[in-house]
J.: 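One structure, pasted below without further comment.
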Amino acid sequence: MTRYNPKKTEPHWRNVWTQADAFRTGPADPSLPKYYVLEMFPYPSGRLHMGHVRNYSLGDVVARYKRARGFNVLHPMGWDAFGLPAENAAMERGVDPKAWTYDNISRMRDELKELGLSVDWSREFATCDLAYYGQQQSWFLDLFKRGLVYRREGVVNWDPVDQTVLANEQVVDGRGWRSGALVEKRKLNQWFMRITDYADDLVDSLKTLDRWPDKVRTMQENWIGRSKGLRFSFAYAGDAPAGLPEGLEVYTTRPDTLFGASFVGIAADHPLADHVAASRPDVAAFIAACRQGGASEAEIETAEKIGFDTGLSVAHPFDPAQRLPVWIANFILMDYGTGAIFGCPAHDQRDLDFARKYGLSVHPVVLPPGEDPDTFEVGTEAYTGPGRIYRSQFLDGLEIEAAKAAAIQRMEDLGQGKGATVFRLRDWGVSRQRAWGCPIPVVHCEACGVVPLPATDLPLAMPDDLDFSKPGNALLRHPTWRHTACPACGSAAIRETDTLDTFVDSSWYFARFANPEAPGPIDKAAADYWLPVDQYIGGVEHAVLHLLYARFLTKALADEDMLSVKEPFAGLFTQGMVTHETYRKPNGEWLEPRDVEITATGNVRQARLVSTGEPVVIGDVEKMSKSKRNTVSPGEIFEVYGVDAARLFVLSDSPPERDAQWSNSGVEGSWRFVNRVWAEFDSQPPGSVEPAAPDDAALTIRRGSHRLIKTLTEAIEGFRFNSGIARLYEFLNLLKDFKAEGAGPAVLFARQEALSALARLIAPFTPHLAEECWARIGGEGLVVFAPWPEFDPDMIQEAVLTLPVQVNGKRRGEVQVPAGAEPAEVEKIVLGDPEFSRHLGGLTLRKVIVVKDRIINIVAS
RNA sequence: GCCGCCGUAGCUCAGUGGUAGAGCGCAUCCUUGGUAAGGCUGAGGUCGGCAGUUCAAUCCUGCCCGGCGGCACCA
């Protein structure tokens with residue numbers, strides 16, 4: 001009996017895999033079924049955390065499993081290496097961001113390799129490699145030439161802490177997604193990508209992503225926010241204000257309620273509001289008051305609706321004699337629709353609140369089912385449900401949807417409006433005022449304007465001698481880099497100093513992995529074979545960031561004929577976070593798990609400080625974070641329990657999509673499992689085992705192992721790894737009851753079969769242990785090259801089943817019947833059983849229900 | 001407010017229209033040359049609540065309660 005020693009076996013097998021070049025991706029051979037497994041690539045912070053361990057272990061299970069199933073597997077790794085932390089390190093510690101980043105990459109690569117991932121490291125690259133971002137500059141200019149990239153002045157989100165612009169997606173509750181600083185609005189010239197051109201496609205093709213979580217699809221749909229409605233103009237009653245368009249254009253999704261309009265509202269930022277304010281100090285004061293309101297969600301939500309009558313009025317488009325007053329209102333957003341609405345208080349809560357406050361009239365025009373048109377009234381709640389239109393001339397009697405269509409049609413006939421689709425999605429602002437990012441390859445020339453660099457000038461590298469001693473954009477401060485000659489006219493010109501949002505870098509890396517050596521951005525033939533990614537795995541926090549940008553760019557590059565696929569990720573899995581209990585001293589100071597000792601008596605757990613014995617308060621379970629100090633370092637765990645035990649634990653604790661709670665006792669359980677598995681292999685007599693006719697014990701083992709193959713395979717296919725591992729535990733309990741010591745040939749033979757399957761079944765989860773076990777029982781070659789075990793359906797079924805017998809739904813006994821026995825036959829057996837009549841007592845038999853191979857229920861009264 | 005997910009043993013979670021399961025923890029005992037360990041045995045569950053459908057509901061349906069996540073003055 002030898003003890004399992006992961007410190008020795010794990011490095012050994014990793015070395016064997018490297019020597020055998022076991023994970024090199026096969027050539028793009030269309031005759032072979034391919035499988036592309038990808039985990040969201042890491043930011044090289046320099047340190048592996050448990051979240052990484054979980055993410056990459058999940059992907060590795062899939063990759064190893066698919067490889068065993070005969071797929072040509074692509075499982076690459078790279079680095080999302082541009083971004084602010086490097087600049088912050090440069091500023092705080094005076095290091096070079098490039099050196100700092102590559103240093104971190106080298107450290108993290110070692111840690112990732114220690115995880116024993118089946119990654120093809122020959123394809124590795126970092127987004128800060130000139131060979132990568134130079135290619136990015138190349139397609140960026142292609143999109144620029146096609147108009148998908150443009151520059152304009154716009155109001156942007158400015159993060160005062162990170163001193164850069166943020167995309168809308170990167171502002172959460174009015175704060176920067178990284179810094180948490182309150183975002184300010186600034187007017188700047190910025191680069192944008194025309195993601196709105198693809199808005200319809202991005203919504204419509206969500207339904208083709210049937211292997212994505214509904215949750216993520218819903219989030220994207222909400223974010224894009226498509227609504228269908230009518231855009232039309234009100235004619236002013238009297239002359240249009242000088243210098244403004246003839247009519248006042250509004251947007252609505254409820255054209256069916258047009259006859260219920262009682263006012264027109266415009267945003268405080270609307271040009272008409274500005275126009276009126278120019279001659280009306282009271283209006284100007286009101287607009288200023290609106291702008292003072294806070295920008296956060298909470299403030300907006302609780303803000304009272306306020307408005308100001310401009311004194312202007314417009315004519316109702318379907319009933320020009322009717323006049324509607326024009327109000328400025330604080331709840332109308334300038335950047336959605338046209339910044340102007342018509343108010344229909346009876347059927348919109350916001351309009352109703354507003355109308356009640358300012359004494360505007362309320363005209364119901366949708367009659368709820370069962371209501372009397374003469375008595376129906378709207379009080380304090382707007383009616384937004386179904387019904388028939390009334391008091392609306394040509395719309396009378398129509399259902400809502402039909403009325404919408406009719407109103408749009410009439411408006412189009414009048415030439416005053418048009419059916420329109422409006423999106424909440426805005427174009428993607430990709431300018432960042434940072435130096436450690438992909439330089440935008442254009443120059444600004446006094447004479448020629450914005451001039452893209454010619455292909456011969458690419459890649460455009462950033463300078464190596466940047467000064468990060470001060471905040472702000474180091475590229476802007478560089479003494480010489482900006483100054484260049486205009487590629488068009490040759491006169492002095494200035495380089496663009498904005499760099500690209502790092503989300504641009506991560507929007508196409510999966511395509512580059514198809515051939516990272518390609519002379520152009522993407523090797524189309526290779527990408528055609530490998531894409532889409534069959535299984536993408538990462539955190540749900542990117543539901544509307546990375547995952548939306550990558551979908552957009554895939555479509556844009558496909559239209560550029562650089563890709564054939566329209567969607568990058570056929571299957572998406574969003575894994576949960578790794579959490580841990582928190583611990584604090586009575587004075588509130590956070591404590592690290594390693595400093596705390598937990599004891600349990602009965603069901604009561606107590607904690608105390610290891611060093612002093614002081615009592616410790618056990619707090620909530622939360623995401624591992626430095627601030628709460630509830631992190632556990634993967635390296636230390638590997639050191640104590642080995643990599644396999646750590647992998648096994650993060651995979652076994654909970655379903656992959658949910659949070660997993662790390663605990664010391666949990667990983668100890670995994671460690672014991674590793675040892676128990678080894679003990680079963682180690683106790684099996686070495687050398688070949690003679691075939692022997694099975695006895696009952698051998699049959700039990702065989703049935704168990706064939707069932708295990710079936711259920712574990714289904715669990716992996718269904719991404720229920722924790723459930724699969726639970727089956728492994730159960731099987732080991734079974735195997736333990738049929739020890740090799742002193743066993744007869746039949747049991748030994750059945751064990752040998754079981755162990756051969758088991759070594760291959762554990763390989764995706766605990767690959768090092770699997771190799772050691774495989775070698776121990778004389779498996780051929782390496783387990784990484786071994787095919788996935790198959791089960792024999794005939795072995796799954798038991799010959800004789802014990803079925804429960806219920807009387808009136810309550811379990812009263814059991815009966816033995818042959819498997820597959822017909823209900824009539826079972827009924828005869830049960831009724832013939834003397835025990836049955838005893839249970840029946842004096843009751844009269846009414847009915848016997850037999851569910852084949854499951855249960856018998858006797859109904860009696 | 002709207003949408004979604006979740007609620008099963010002390011904890012973390014499987015599971016199924018038909019006999020309630022695993023790991024950890026807990027308790028008893030054994031081992032003390034596998035020893036900063038190993039093993040045996042066991043206790044512990046109105047399957048969140050209430051109603052309905054059914055021969056039978058933890059599972060299906062409805063309502064309610066609790067937790068988590070997303071969206072939210074988007075016209």
Side-chain angles (χ1 to χ4, degrees), chain A residues 1-3 213-223 225-227 229-230 250-254 257 265 267 297 300-303 305 329-333 335-344 347-351 353-354 422-425 540 543-544 576 579 581 598-605 621 640 649 652-655 657-670 672-673 675-676 679 711 715 720 722-730 732-733 736 802-811 813-814 846-851 853-860:
Chain A
M1 177 88 58
T2 55
R3 292 206 63 183
D214 291 340
K215 180 177 157 179
V216 174
R217 290 193 288 178
T218 306
M219 283 167 73
Q220 291 212 354
E221 199 174 338
N222 288 341
W223 184 263
R226 176 165 66 187
S227 62
L230 168 67
V250 301
Y251 175 74
T252 181
T253 56
R254 292 298 302 270
T257 64
E297 291 298 335
I300 289 170
E301 193 179 349
T302 54
K305 288 182 177 45
N330 67 336
F331 66 93
I332 299 168
L333 308 173
D335 57 5
Y336 185 80
T338 63
I341 62 155
F342 76 81
C344 176
H347 304 295
D348 183 289
Q349 192 60 47
R350 295 156 302 180
D351 297 349
D353 294 344
F354 191 76
V422 165
F423 296 92
R424 184 181 172 277
L425 183 71
V540 74
V544 286
T579 62
E581 272 183 339
I598 310 276
T599 51
T601 320
N603 290 325
V604 182
R605 295 170 76 242
V621 173
V640 177
F649 179 57
S652 65
D653 179 68
S654 48
E657 68 275 16
R658 291 220 223 140
D659 290 353
Q661 188 181 335
W662 183 273
S663 71
N664 217 46
S665 56
V667 74
E668 276 172 14
S670 299
R672 273 199 283 274
F673 177 79
N675 282 292
R676 285 168 52 197
T711 54
R720 296 185 306 272
N722 61 319
S723 174
I725 292 168
R727 301 288 89 76
L728 285 172
Y729 273 96
E730 285 173 23
L732 208 63
N733 283 341
K736 207 171 60 182
T802 304
L803 301 186
V805 180
Q806 294 181 333
V807 176
N808 288 336
K810 291 211 169 66
R811 184 165 180 259
E814 49 191 42
R846 296 279 176 214
K847 197 173 170 189
V848 178
I849 295 144
V850 177
V851 183
D853 290 349
R854 297 302 287 265
I855 199 165
I856 300 100
N857 191 21
I858 294 161
V859 187

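The basis for the numbers below is simple: all heavy atoms, side chains too, and nothing from hydrogens, waters or symmetry mates. Order of the sequence lines fixes the chain letters, A, B, ..., with proteins taken first and strands second; residue numbering starts at 1 for each chain.
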J.: Show the distances under 3.5 angstrom between N or O atoms of the protein and N or O atoms of nucleotides 22-24 of chain B.
T.:
| unit_1 | atom_1 | unit_2 | atom_2 | d |
| --- | --- | --- | --- | --- |
| B:G23 | OP1 | A:N733 | ND2 | 2.9 |
| B:C24 | O2' | A:S665 | OG | 3.2 |

J.: A:N722 near the nucleic acid: base, sugar-phosphate alone, or nothing, with a heavy-atom cut-off under 4.0 Å?
T.: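 Sugar-phosphate: the residue A:N722, judged by heavy atoms under 4.0 Å, touches backbone atoms but no base.
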J.: Using the test ring-ring contact (aromatic ring centres under 6.0 Å, His included), find all partners of A:F342 that sit at least two apart in sequence or belong to another chain.
T.: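 For A:F342, no residue satisfies ring-ring contact (aromatic ring centres under 6.0 Å, His included) once neighbours in sequence are set aside.
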J.: Given atom CD of A:Q661 and atom C1' of B:A14, what is their separation to the nearest angstrom?
T.: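 Computing the A:Q661:CD to B:A14:C1' distance gives 17 Å.
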J.: Who are the salt bridge (charged side-chain N to carboxylate O under 4.0 Å, His left out) partners of A:E221, not counting sequence neighbours?
T.: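 Per chain and number, A:E221 pairs via salt bridge (charged side-chain N to carboxylate O under 4.0 Å, His left out) with no residue.
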J.: What residues form a ring-ring contact (aromatic ring centres under 6.0 Å, His included) with A:F331, not counting sequence neighbours?
T.: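 Expected list: A:F354.
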J.: Using the side chain to side chain contact (heavy atoms under 4.5 Å, CB included) criterion, which residues pair with A:T218? Sequence neighbours excluded.
T.: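 A:T218: side chain to side chain contact (heavy atoms under 4.5 Å, CB included) contacts with A:N222.
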J.: What is the distance from atom CZ of A:R727 to atom CG of A:N722, rounded to the nearest 0.5 Å?
T.: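 Answer rounded to 0.5 Å: 9.5 Å.
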J.: Return the value, rounded to whole Å, for the distance between atom CG of A:N664 and atom C1' of B:A36.
T.: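 Computing the A:N664:CG to B:A36:C1' distance gives 13 Å.
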J.: Starting from P on B:C74, measure out to CG on A:N330 and report it in whole angstrom.
T.: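 Taking CG of A:N330 and P of B:C74, I get 13 Å after rounding.
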J.: Heavy atom of residues 213-222 of chain A under 4.0 Å from RNA chain B: which residues?
T.: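 Within this stretch, A:K215, A:M219 sit under 4.0 Å of the strand.
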J.: So which one's nearest nucleotide on RNA chain B is more toward 5', A:L333 or A:S723?
T.: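 Taking each residue's closest nucleotide, the earlier one in sequence belongs to A:S723.
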J.: Could you work out the separation of B:G4 and B:C64 based on their P atoms and round it to a whole Å?
T.: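 Approximately 14 Å lies between the P atom of B:G4 and that of B:C64.
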J.: Once the angle between the rings of A:Y729 and A:F673 is folded into 0 to 90°, is it parallel (under 30°), tilted (30 to 60°) or perpendicular (over 60°)?
T.: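 Answer is tilted, since the angle falls between 30° and 60°.
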J.: Sequence neighbours left out, what passes side chain to side chain contact (heavy atoms under 4.5 Å, CB included) with A:K736? Give chain and number order.
T.: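 If we apply the side chain to side chain contact (heavy atoms under 4.5 Å, CB included) test to A:K736, skipping adjacent residues, the hits are A:R676, A:E680, A:N733, A:K739.
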J.: Could you give the distance separating B:A14 and B:C24 at their C1' atoms, to the nearest angstrom?
T.: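 The answer is 14 Å between these two C1' atoms.
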J.: Got A:D348 and A:R254 here, is their nearest side-chain heavy-atom distance under 4.5 Å?
T.: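 No, too far: nothing below the 4.5 Å cut-off.
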J.: Determine the interatomic distance between P on B:U35 and the same-named atom on B:U41; round to the nearest Å.
T.: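 Pairwise P distance, B:U35 against B:U41, rounds to 23 Å.
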J.: Looking only at atom C1', what distance separates B:A56 and B:U16, rounded to whole Å?
T.: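 Roughly 14 Å separates the two C1' atoms.
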J.: Could you tell me which residues satisfy salt bridge (charged side-chain N to carboxylate O under 4.0 Å, His left out) with A:R720, sequence neighbours excluded, listed by chain and number?
T.: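 A:R720 satisfies salt bridge (charged side-chain N to carboxylate O under 4.0 Å, His left out) with no other residue.
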J.: Between atom CZ in A:R720 and atom P in B:U16, what is the gap in whole Å?
T.: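 Taking atom P of B:U16 as the reference, CZ of A:R720 is at 8 Å.
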J.: Taking atom CZ of A:R350 and atom CD1 of A:I341, what is their separation to the nearest 0.5 Å?
T.: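 Atom-to-atom, A:R350:CZ and A:I341:CD1 are 7.0 Å apart.
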J.: Could you give the CD1-to-P distance, from A:I332 to B:A75, as a whole number of Å?
T.: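 Rounded to whole Å, this separation is 13 Å.
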J.: In this structure, how many angstroms lie between the C1' atom of B:C11 and the CD atom of A:E581, rounded?
T.: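 Distance check: A:E581 CD to B:C11 C1' gives 9 Å.
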J.: Rounding to an integer number of angstrom, what distance separates B:U8 and B:G21 when you compare their C1' atoms?
T.: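 It comes out at 10 Å once rounded to the nearest Å.
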J.: State which residues pass salt bridge (charged side-chain N to carboxylate O under 4.0 Å, His left out) with A:R226; sequence neighbours excluded, sorted by chain then number.
T.: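 Per chain and number, A:R226 pairs via salt bridge (charged side-chain N to carboxylate O under 4.0 Å, His left out) with A:D200, A:D204.
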J.: Could you tell me which residues satisfy side chain to side chain contact (heavy atoms under 4.5 Å, CB included) with A:R672, sequence neighbours excluded, listed by chain and number?
T.: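 If we apply the side chain to side chain contact (heavy atoms under 4.5 Å, CB included) test to A:R672, skipping adjacent residues, there are no hits.
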J.: Measure from CG on A:D659 to C1' on B:C5 and round the result to the nearest Å.
T.: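 Result: 12 Å.
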J.: Could you tell me how far apart A:D348 (CG) and B:G1 (C1') are, to the nearest whole angstrom?
T.: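 Those two atoms, CG and C1', are 14 Å apart.
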J.: For the C1' atoms, the ones on B:G34 and on B:A27, what distance do you get once it is rounded to whole angstrom?
T.: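 It works out to 25 Å between them.
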J.: Enumerate, in order of first residue number, the stems that involve RNA chain B, defined as 3 or more consecutive Watson-Crick or G-U wobble pairs with both distances under 3.5 Å.
T.: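 As far as RNA chain B goes, consecutive pairing (with distances under 3.5 Å) yields the stems B:1-7 with B:65-71, B:10-13 with B:21-24, B:48-52 with B:60-64.
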J.: Could you work out the separation of B:C30 and B:A37 based on their C1' atoms and round it to a whole Å?
T.: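 About 14 Å, rounded to a whole number of Å.
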J.: State which residues pass salt bridge (charged side-chain N to carboxylate O under 4.0 Å, His left out) with A:D353; sequence neighbours excluded, sorted by chain then number.
T.: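 Checked A:D353 against salt bridge (charged side-chain N to carboxylate O under 4.0 Å, His left out); zero matches.
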J.: If you only use heavy atoms from C-beta on, which nucleotide in B:C13, B:C74, B:C40 is closest to the side chain of A:K736?
T.: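 Of the candidates, B:C40 comes closest.
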J.: Using atom P in both nucleotides, what's the gap between B:G18 and B:G69 to the nearest angstrom?
T.: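 Roughly 34 Å separates the two P atoms.
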